[in-house]
There are 2 protein chains.
Amino acid sequence: MENDADGVMQQTIRVDLVPDFRSARNVEAGCAVVIDVLRATSVMVTACHHGATRIWTCGEVDAARHLAAAAQPTRLLCGERHCRPIEGFTLGNSPSEYGPSVVGGRELVLTTTNGTRAIESVASARRLVVASFLNLSATVQTLIAEPNVHVVCAGTDGEVSYEDVLLAGAITARLRQHRADARIDDSARIAQSAWQAVLDHGVSSAGGLHSTEALAGALQQSLGGRNLIRAGYQQDILRCAQLDAFGQVVERGPDPVGGFVLSADSAR
Amino acid sequence: MENDADGVMQQTIRVDLVPDFRSARNVEAGCAVVIDVLRATSVMVTACHHGATRIWTCGEVDAARHLAAAAQPTRLLCGERHCRPIEGFTLGNSPSEYGPSVVGGRELVLTTTNGTRAIESVASARRLVVASFLNLSATVQTLIAEPNVHVVCAGTDGEVSYEDVLLAGAITARLRQHRADARIDDSARIAQSAWQAVLDHGVSSAGGLHSTEALAGALQQSLGGRNLIRAGYQQDILRCAQLDAFGQVVERGPDPVGGFVLSADSAR
């Protein structure tokens with residue numbers, strides 16, 4: 001590792017285009033950034049913005065029920081399987097359900113198809129952040145000082161998801177604006193190219209549209225986007241494409257007992 | 001599946017950014033295209049251009065020795081482990097070794113670290129082609145009529161390799177020029193973005209350089225490129241970046257007994 005002119009350690013940025021379950025990824029000393037743009041991490045960021053006090057993420061539906069019932073007052077049961085709400089759960093996986101009157105002051109238990117597994121793949125990380133386009137700038141701001149950034153795209157059932165790779169590319173591009181000498185791996189370089197192509201071609205071809213619509217247009221082309229449209233959640237793509245709508249960083253809190261605990265922390 | 005105006009079946013293009021060993025990939029009915037730009041598939045294309053009659057690819061060193069010794073006259077033993085020649089083998093994995101006086105009229109047995117595994121991951125494909133930048137146009141030409149194209153990037157020890165993804169993106173972009181309605185998966189879209197970024201930024205930033213140097217500049221940034229430079233094979237990056245130097249399609253022949261048999265077939 002080299003130091004830059006300020007004596008600050010050179011930043012390393014790695015991207016997993018899908019979670020890697022083969023082996024421990026030497027992420028212990030690093031800061032993991034988990035991305036599931038459509039929709040798990042966008043929902044988590046929305047819920048924290050609207051006053052949820054904690055989100056416990058959970059891999060299995062039964063474990064989520066247990067985790068919700070174990071507390072008084074009970075935590076809100078939230079999540080989806082294959083884009084659809086789960087029977088008996090209070091909330092599904094649409095950001096539109098996570099308004100302040102519903103989640104304000106409440107703890108949530110969330111289980112989703114891909115996002116939860118992605119979080120578990122980097123559970124050993126020193127620091128764990130979840131990111132979305134909704135809080136891109138706040139997330140980048142908190143990552144600037146991290147020497148080792150390890151971005152994990154949740155993907156869709158083990159397949160690469162374009163929408164997650166776009167956000168990984170946006171984070172990489174923004175970090176490199178701050179730290180031009182950052183070392184990036186091949187996947188980060190590829191992700192940045194995908195994001196640059198949206199900036200170069202996607203946005204300009206959208207003409208005078210507001211950037212939310214331009215970004216939503218790119219997200220609609222993705223596997224996750226097409227799945228959402230098929231399930232009737234097209235509006236959620238627009239909701240998840242609102243660049244920097246919120247200013248919170250969402251990261252794992254200091255007491256991860258019995259599941260992942262994430263707490264909102266205003267970065268600015 | 002939809003048909004286009006000519007009644008031709010719509011083309012589907014899928015990309016594995018690294019080989020997927022988890023499961024059968026439903027590639028039986030399709031045409032698999034295996035890419036290991038630095039250097040296995042570039043070596044195979046070079047050898048076929050210079051008159052090698054067959055290349056048997058083989059996963060293990062001992063199996064390669066057996067396969068070479070079993071024939072009279074013996075086949076040439078070729079390959080590498082971690083970029084380096086293998087003890088007792090006639091040729092390593094540098095295209096510079098595969099001149100006409102060495103390989104003309106000969107059968108080769110080749111074993112490499114990543115390329116062979118990638119070929120094995122799609123062994124069940126109806127048709128199996130190996131591609132390089134050296135024969136990009138010939139490869140694309142033969143793929144135009146294929147309804148299902150499944151591109152597999154060999155990667156490096158399970159990691160995504162930028163150089164392989166660039167070629168996957170170039171193939172995707174060229175095919176979409178011929179078949180604008182082609183259905184592409186998210187990985188193909190991402191690969192095409194990476195290639196487009198080289199065309200937009202890499203080539204222009206290289207100023208007046210010939211395109212071989214510009215492409216080599218991009219390949220040098222990759223994991224595979226850095227590994228080659230470290231091992232003293234920087235010149236091989238230039239050799240593998242000679243766009244369309246050769247006109248042969250290299251694909252598995254009709255008699256794959258005891259290993260993969262690839263035969264050169266002039267496409268133009």
Side-chain angles (χ1 to χ4, degrees), chain A residues 14-23 25-26 37-38 114 151 153-170 172-173 176 183-202 204-205 217-227, chain B residues 14-23 25-26 37-38 114 151 153-170 172-173 176 183-202 204-205 217-227:
Chain A
R14 298 182 59 179
V15 171
D16 286 350
L17 299 176
V18 289
D20 189 334
F21 303 109
R22 293 171 311 168
S23 57
R25 294 301 301 278
N26 196 25
V37 168
L38 298 176
N114 302 296
V151 182
C153 300
T156 302
D157 302 331
E159 301 280 334
V160 172
S161 280
Y162 181 55
E163 72 274 17
D164 295 334
V165 174
L166 287 183
L167 179 54
T172 302
R176 293 181 80 191
R183 294 153 55 104
I184 65 171
D185 73 356
D186 284 20
S187 293
R189 190 179 304 280
I190 291 160
Q192 186 176 351
S193 294
W195 175 242
Q196 189 62 45
V198 169
L199 294 182
D200 288 349
H201 302 283
S204 64
S205 71
L219 301 186
Q220 281 176 3
Q221 300 181 312
S222 70
L223 177 60
R226 296 193 303 272
N227 286 342
Chain B
R14 300 183 59 181
V15 171
D16 287 350
L17 299 176
V18 288
D20 189 333
F21 303 108
R22 293 171 312 168
S23 57
R25 294 300 302 277
N26 196 26
V37 168
L38 298 175
N114 303 295
V151 182
C153 301
T156 302
D157 303 330
E159 302 280 333
V160 173
S161 280
Y162 181 55
E163 72 274 17
D164 295 334
V165 174
L166 286 183
L167 179 55
T172 302
R176 294 180 80 191
R183 296 154 54 104
I184 64 171
D185 72 356
D186 284 20
S187 294
R189 191 179 303 281
I190 291 160
Q192 187 175 352
S193 295
W195 176 242
Q196 188 62 46
V198 169
L199 294 181
D200 289 349
H201 303 282
S204 64
S205 71
L219 301 186
Q220 280 175 3
Q221 299 180 313
S222 70
L223 176 58
R226 295 193 303 274
N227 285 343

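Convention: sequence-line order gives letters A, B, ...; per-chain numbering from 1.
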Only pairs of heavy atoms separated by less than 4.5 Å count here; which of A:A191, A:S161, A:G224 has the most with chain B? A:S161
A:L223 versus chain B, the contacting section by heavy-atom distance below 4.5 Å: both
B:L166 versus chain A, the contacting section by heavy-atom distance below 4.5 Å: neither
Nearest non-hydrogen partners of B:V15 and B:S187, listed with the distance: O-CB, 3.3 Å
Any donor-acceptor pair under 3.5 Å linking the side chain of B:D16 with the backbone of B:P19? no
Contacting region of A:Q192 [heavy-atom separation from chain B under 4.5 Å]: neither
Any idea which of B:I190, B:L17, B:V165 has the most non-hydrogen atom pairs under 4.5 angstrom with chain A? B:I190
Any side-chain to backbone donor/acceptor pair from B:R226 onto B:Q221? Under 3.5 Å, distance only. yes
Would you say the side-chain atoms of A:S222 pair up with the backbone N or O of A:G225, donor to acceptor, closer than 3.5 Å? yes
Between B:D164 (side chain only) and B:G155 (backbone N and O only), is there a donor and an acceptor less than 3.5 Å apart? yes
